[in-house]
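Worksheet: the structure to be examined is printed underneath.
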Amino acid sequence: MRVYCAKDYDGLCRKAANILSAQVILKPNSVLGPATGSTPLGIYRQLIDWHRKGDLDFSCATTFNLDEYRGIAPENPQSYHYYMVHNFFRHVNVPASRIHIPNGTAEDGAAECARYESLLAECGGIDMQLLGIGRNGHIGFNEPSSQFESSTFVVDLSESTIKANARFFSSESEMPRQAYTMGMRSIMQAKRIVLAVSGGDKANIVREAFCGPITAAVPASVLQLHNNVDLVGDEDALALLPPEKDGYS
Ligand code: PGA
């Protein structure tokens with residue numbers, strides 16, 4: 001694992017955006033795995049800026065989003081589809097036909113998971129996966145549990161995630177109780193993973209994930225088994241990691 005420590009949120013966004021943009025410049029037809037949440041917003045702003053300046057071209061890229069709420073339409077402002085369109089896709093030039101996000105309104109959850117997995121396999125898997133980390137250690141919506149799920153699945157959201165994300169809905173009762181998420185195998189098969197994290201309230205979970213035991217109780221801990229991970233954080237989020245010379249897994 002490579003650790004990139006930035007002074008603050010803006011700095012970490014620039015570092016993560018640099019890694020993503022290098023990927024797209026070196027391999028224009030990259031398959032990218034975008035993430036949602038508050039952390040990636042500054043990364044997307046930076047990528048959009050470089051795109052507008054003519055330095056970054058997404059016209060050959062393909063994307064597969066990590067997750068989506070179940071039971072919410074793409075045009076619902078709380079959907080991850082809406083988030084991606086408004087915070088990234090409508091400002092850059094990824095061709096619409098190559099943008100993939102689980103369909104939150106699909107009636108048959110299992111069929112939707114199978115459809116998503118088969119599209120991902122057809123595209124040869126993800127070259128660069130962007131991840132955030134939840135305060136409970138989730139990645140995507142892989143919540144702490146007793147076992148890792150492998151491919152895309154329908155997840156019952158944990159109480160802590162419902163509480164954390166309810167702030168985006170007008171009331172907690174409107175917050176969906178289920179979501180689609182790529183499973184651990186799909187994530188771990190990405191050729192390279194960039195995990196972006198900001199803020200002192202994530203410091204404990206970052207330490208647990210990267211220095212603690214590998215366990216489904218801390219889903220992000222499985223990233224210790226991936227051989228190409230960039231952990232990009234600000235000083236506060238990385239404050240509890242031991243000095244790098246002591247080694248991470
Ligand atoms: P956040 O979410 O970036 O909004 O903190 C991260 C996550 O829950 O994966």
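For ligands, and for the atoms within them, numbers begin at 1 and follow the listed sequence.
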>> Checking contacts here: is it the side chain or the backbone of Ile139 that comes within 4.0 Å of ligand 1, counting heavy atoms only? Could be both or neither.
In response: neither
> Pick from Val92, Asp57, Leu32: which one makes a side chain to side chain contact (heavy atoms under 4.5 Å, CB included) with Val24?
Replying inline: Leu32
Could you tell me, atom by atom, which parts of ligand 1 come under 4.0 Å of a heavy atom of [X]?
X      : result
Thr39  : 1 (P), 3 (O), 5 (O)
Gly132 : 9 (O)
Gly134 : 7 (C), 8 (O), 9 (O)

Flag for [Y]-[X]: side-chain donor and acceptor within less than 3.5 Å:
X      : Y      : answer
Glu117 : Ser151 : no
His100 : Thr63  : no
Tyr116 : Tyr180 : no

>> Any carboxylate oxygen within less than 4.0 angstrom of a Lys/Arg side-chain nitrogen, looking at Arg192 and Asp127?
In response: no
> About how many Å separate CZ of Phe210 and CG of Leu238, when rounded to the nearest 0.5 Å?
Replying inline: 9.5 Å
In the protein, what heavy atom is nearest to [atom], and what distance, to one decimal place, separates them?
atom                   : answer
atom 5 (O) of ligand 1 : Lys202 NZ, 2.7 Å
atom 9 (O) of ligand 1 : His138 NE2, 3.5 Å
atom 4 (O) of ligand 1 : Ser38 OG, 2.7 Å
atom 6 (C) of ligand 1 : Ile133 O, 3.6 Å

>> Test salt bridge (Lys or Arg N to Asp or Glu O under 4.0 Å) on Asp49 and Lys53; report intermediate values, then the result.
In response: CA-CA 6 Å; Asp49 183 45; Lys53 288 178 172 146; 2.9 Å; yes
>> Considering both backbone and side-chain atoms of Thr36, is one of its nitrogen or oxygen atoms within less than 3.5 Å of a nitrogen or oxygen in ligand 1?
In response: no
